[in-house]
Amino acid sequence: MELQKVKLVIFDFDGVFTNNSVYISEHGIESVRCNRSDGLGISRLKSLKIPVYIVSTESNIVVSVRAKKLNIPVIQNVKDKAEAVIKICNDLGIKLENTIFVGNDINDIPAF
């Protein structure tokens, strides 16, 4: 796809914003490691008026906290990512062919 045709970018979270690892404390508290450079990339997209979303199968506070920090919408507990991508596109009036989905796992394939 030519970059000037991109009107929307949707990201998975685990393995995209993280290194796909999880840290669990002895108290059962979960945390992940994110890269601050992602924030710069997100800022660049937003400066071009390109909406950015996170769509995650997980329902986890760490996803919400990172999305809030990046000031982007997040949809969690998604069973069908392709359906979620289509809904976001429809809600925003953006064609699928002008949308990029970034994922890293087998459950992302339908969204691609």
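When reading the values below, keep in mind they use all heavy atoms of this one structure, side chains included, and skip hydrogens, waters and symmetry mates. Throughout, numbering of the chain's residues begins at 1 and tracks the sequence.
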Roughly how far, to the nearest 0.5 Å, is the [atom2] atom of [Y] from the [atom1] atom of [X]?
X     : Y      : atom1 : atom2 : value
Lys7  : Ile94  : NZ    : CD1   : 8.5 Å
Lys69 : Ser64  : NZ    : OG    : 15.5 Å
Asp80 : Lys87  : CG    : NZ    : 13.5 Å
Asn20 : Asp105 : CG    : CG    : 6.5 Å

Legend entry - Side-chain heavy atoms of Lys81 within contact of Asp108, under 4.5 Å: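 In short, these two side chains touch, coming nearer than 4.5 Å.
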Inset, instruction - Taking the side chain as every heavy atom from C-beta outward, state whether Val102 and Phe17 have any pair of such atoms under 4.5 Å apart. - result: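 Val102 does not reach Phe17 side chain to side chain.
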Minimum heavy-atom distance between [X] and [Y], given as atom pair plus value:
X     : Y      : answer
Leu8  : Pro51  : CD1-O, 3.5 Å
Phe11 : Phe101 : C-CE1, 4.4 Å
Val62 : Ser31  : CG1-CA, 4.2 Å
Thr18 : Cys34  : CG2-SG, 4.2 Å

Inset, instruction - Go through the steps for Ile75 and Ile54 under the test side chain to side chain contact (heavy atoms under 4.5 Å, CB included), then give the verdict. - result: CA-CA 6 Å; Ile75 303 169; Ile54 294 173; over 6 Å; no
Legend entry - Pair listing, side-chain hydrogen bond (donor to acceptor under 3.5 Å, both in side chains) test, anchored in residues 44-57, at least two apart: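 For residues 44-57, and leaving out neighbouring residues, the side-chain hydrogen bond (donor to acceptor under 3.5 Å, both in side chains) pairs sorted by first residue read Thr57-Asn107.
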Inset, instruction - Start with the C-alpha distance between Arg33 and Ser21, add both sets of side-chain angles, then the distance that settles side chain to side chain contact (heavy atoms under 4.5 Å, CB included), and finish with yes or no. - result: CA-CA 7 Å; Arg33 180 178 176 179; Ser21 297; over 6 Å; no
Legend entry - Ile109 CD1: over 12 foreign heavy atoms closer than 6.0 Å: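 Yes, enclosed.
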Inset, instruction - Check whether more than 12 heavy atoms from other residues, nucleotides or ligands sit under 6.0 Å from atom CD of Glu30, and answer yes or no. - result: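 Counting neighbours around CD of Glu30, more than 12 heavy atoms of other residues, nucleotides or ligands fall under 6.0 Å, so yes.
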Inset, instruction - Give the C-alpha distance, both sets of side-chain angles, the deciding distance and a yes or no for side chain to side chain contact (heavy atoms under 4.5 Å, CB included) between Arg66 and Phe13. - result: CA-CA 9 Å; Arg66 187 64 181 150; Phe13 186 78; 3.8 Å; yes
